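Heads up, the thing below is written out as structure tokens.
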Amino acid sequence: SQDTFTKNNINLKIKKYDIKTKKALSWVKSAAYYPSISLLYNYTKYHDDGGNKVYQKDDTIANVGLNFAVNLSINYNNDIQSKKIEYLKTISDFNNQENSEKNLLDTKLQKIKMLKKKILISQDTLKLYSSLVKQMKELQEAGLKTSSDLQTLQNSKTIKSLDIDLYLID
């Protein structure tokens, strides 16, 4: 049940996606410093000379180029390390959140277990009160106990019954 709880916990799912996001962002940041190569090509064909003395009708011009860029930055290492630190911090936050959620679940399960024990004990006590009320009625009819003694015992029985109801609500 704990595995199911952690698997379906929305807070942990959010943290998992945050980890994936931070990892992707660290790769994006490092990719910004990779060298880039681009190939350029430009083709122009003139259809009308329009009085232009330099180009004639149906002249074509083709340009080809190669561009190579290297991003030189003194902050390269700092930027990459800060993104890695953010990623590792997110993993640590996830682990903390997971432990917190597991502890919360364990606490709730222990409380339920304790309440079940209290209910069983209270039910046993209620049975005892029922037998005591029965005996008290017999003793009152015999004149050995007063009606206030019987009323006190019945009130105690009612209180124990209400305790069981409270435990069920918790």
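Small disclaimer: the values here were computed from a predicted structure and weren't measured.
How far CE of Met136 is from CG of Leu150: 7.0 Å, rounded to the nearest 0.5 Å. To the nearest 0.5 Å, atoms CG (Asp149) and CG (Leu144) are separated by 11.0 Å. Rounding to the nearest 0.5 Å gives a distance of 10.0 Å between CG of Leu126 and CG of Asp163. From Asn99, atom CG reaches atom OG1 of Thr6 across 11.0 Å, with rounding to the nearest 0.5 Å. Residue Lys84 holds its NZ atom at 7.5 Å from OG of Ser26, rounded to the nearest 0.5 Å. Distance OH/Tyr76 to CD1/Ile74: 15.0 Å, rounded to 0.5 Å.
In Tyr17, the OH atom is not crowded: 12 or fewer heavy atoms of neighbouring residues, nucleotides or ligands sit closer than 6.0 Å.
Heavy-atom minimum distance, Pro35 versus Val70: CB-CG2, 4.0 Å. In terms of heavy-atom proximity, Gln140 sits nearest to Ser147 at NE2-CB, 3.2 Å. Of all the heavy atoms in Lys13 and Lys7, the pair that sits closest is CE-O, 3.3 Å. Taking both residues in full, the closest heavy atoms of Tyr41 and Val64 are given as CD1-CG2, 3.5 Å, listed atom of the first, atom of the second, then distance. Closest approach of Ile19 to Ile91, counting heavy atoms only: CD1-CA, 3.9 Å. The minimum heavy-atom distance between Ile80 and Ser30, with the atom names listed, is CD1-CA, 3.2 Å.
You'll find the side chain of Tyr129 reaches within 4.5 Å of the side chain of Leu153, heavy atoms only. Taking 4.5 Å as the limit, every side-chain heavy atom of Lys83 sits out of range of all side-chain heavy atoms of Lys23. No side-chain heavy atom of Leu40 sits less than 4.5 Å from a side-chain heavy atom of Asn42.
Both Met114 and Leu168 belong to a common hydrophobic cluster when Ile, Leu, Val, Met, Phe, Trp and Tyr are linked at side-chain heavy-atom distances under 4.5 angstrom. Following chains of ILVMFWY side-chain contacts shorter than 4.5 Å, one cannot reach Leu162 starting from Ile119, and the two form parts of different hydrophobic clusters. Hydrophobic clustering (side-chain heavy atoms under 4.5 Å, transitive across Ile, Leu, Val, Met, Phe, Trp, Tyr) groups Leu39 together with Phe68. By the criterion of side-chain heavy atoms lying less than 4.5 angstrom apart, applied directly or through intervening Ile, Leu, Val, Met, Phe, Trp or Tyr residues, Leu139 is not grouped with Val133; the two fall into different hydrophobic clusters.
Side-chain contact check for Tyr33 and Asp79: at least one donor-acceptor pair (N or O, by modelled atom type) lies under 3.5 Å. Judged purely by distance below 3.5 Å, without hydrogens or angles, the side chains of Asn95 and Ser92 never pair a donor atom with an acceptor atom.
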**Derivation and outcome, salt bridge (charged side-chain N to carboxylate O under 4.0 Å, His left out), residues Lys102 and Asp106** = CA-CA 6 Å; Lys102 284 180 180 179; Asp106 288 342; over 6 Å; no
**Intermediate values then yes/no, side chain to side chain donor-acceptor pair (under 3.5 Å), Gln151 and Asn155** = CA-CA 6 Å; Gln151 186 63 41; Asn155 287 344; 3.2 Å; yes
**Request:** Mind running side-chain contact (heavy atoms from CB on, under 4.5 Å) on Asn63 and Ile61 for me, showing each step along the way?
**Result:** CA-CA 7 Å; Asn63 293 321; Ile61 297 174; 4.1 Å; yes
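Counting only distance, with no hydrogens or angles, the side chain of Asn9 and the backbone of Leu12 share a donor-acceptor pair below 3.5 Å.
Contacts of Lys157 classified as side-chain hydrogen bond (donor to acceptor under 3.5 Å, both in side chains), with partners at least two apart in sequence or in another chain: Ser130.
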